[in-house]
Amino acid sequence: MASTGWRTYHRATRSATYGFLSALPLFVLYETMIVLVNLDATRPVRVEAGVWIKELLMMTGASGGLVLALLVAGGGGAAYLLDRHRTIPLRGRYFMGLVGESAAYAIGGAAAVSSAVGALFAAVPPPDGALWTQLALSIGAGLYEELVFRVLLVGGLALLLRRLLESPVRAYVLAALLGAALFSLAHYVGPVGDPFALPSFTFRLLFGLVLNALFLWRGFGVAAWTHALYDVMVVTGLLG
């Protein structure tokens, strides 16, 4: 891609508009798959971050399909407000490029983080559970964990720290570090949290840093697809 073409693609795909539109397939896939997964389940499964968001929305009195409609409407409204003064070119090849770019980051980031963790600890065991369930949770994690930990947490920290610190770079670095630590720790909290283990904590911390950097540099869409594709590659055995 030529330099000018890359700059146009980069600016467009890191926008809120592309973040919202590229997240819609993840949203539809997860919500459909998780309903099917839980049809005969004795103990329903959900992505914890998605449960947090939906419980907040249910406090308004909404439930069921209305919660999902509010999620889509809220995301679309936020994208419109953030990009209302910009002209965003909507091109199919840009969406394909976003997914392909995310796949490259998923493979490269996972290889780098796995090598670092493997040099310090034994390998982190793969997730347990039926493949269909793990696929649904992988897609949901890419969507909802990125909304909570990247958009709300890291984005919010970055805005706050930019007001407190003179250097924007320091603000972004500190936001990324704090966000990665909280992202990793959140996996061990609550009744469905994992037992704490230093290797898995370190892996999630480092992978959280990768996702934070991608979010700050490339936006929500790339971070969400990178996270989802990485998880899918792990549960299907495409990544060892």
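Count residues from 1 along the sequence.
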Which atoms form the tightest heavy-atom contact between [X] and [Y], and what is the distance?
{"X": "Phe149", "Y": "Leu182", "answer": "CE2-O, 4.0 Å"}
{"X": "Gly221", "Y": "Ser102", "answer": "O-OG, 4.5 Å"}
{"X": "Leu157", "Y": "Leu178", "answer": "CD1-CB, 4.0 Å"}
{"X": "Arg86", "Y": "Ser15", "answer": "NH1-CB, 3.7 Å"}

With the side chain counted from C-beta on, respond yes when [X] and [Y] share a heavy-atom pair under 4.5 Å apart, and no when they do not.
{"X": "Arg46", "Y": "Asn38", "value": "yes"}
{"X": "Tyr18", "Y": "Arg11", "value": "no"}
{"X": "Leu82", "Y": "Thr17", "value": "no"}
{"X": "Val151", "Y": "Phe215", "value": "yes"}
{"X": "Leu143", "Y": "Phe220", "value": "yes"}

Value rounded to 0.5 Å, distance of [atom1] in [X] from [atom2] in [Y]:
{"X": "Leu137", "Y": "Glu48", "atom1": "CG", "atom2": "CD", "answer": "11.0 Å"}
{"X": "Leu205", "Y": "His187", "atom1": "CG", "atom2": "NE2", "answer": "11.5 Å"}
{"X": "Phe196", "Y": "Ser184", "atom1": "CZ", "atom2": "OG", "answer": "7.0 Å"}
{"X": "Asp231", "Y": "Thr226", "atom1": "CG", "atom2": "OG1", "answer": "11.0 Å"}
{"X": "Ile139", "Y": "Trp225", "atom1": "CD1", "atom2": "CH2", "answer": "8.0 Å"}

Verdict with reasoning, Arg218 to Thr13, per side chain to side chain donor-acceptor pair (under 3.5 Å) | CA-CA 7 Å; Arg218 293 294 290 116; Thr13 52; 2.7 Å; yes
Cationic N near anionic O, under 4.0 Å, Glu145 to Arg204 |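 Not counted as a salt bridge, because no side-chain N and carboxylate O are separated by less than 4.0 Å.
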Is the Tyr80 to Phe20 ring centre distance short of 6.0 Å?
->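 No.
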Dump the intermediate steps for side chain to side chain donor-acceptor pair (under 3.5 Å) on Tyr30 and Ser138, then the final yes or no.
-> CA-CA 8 Å; Tyr30 169 70; Ser138 296; over 6 Å; no
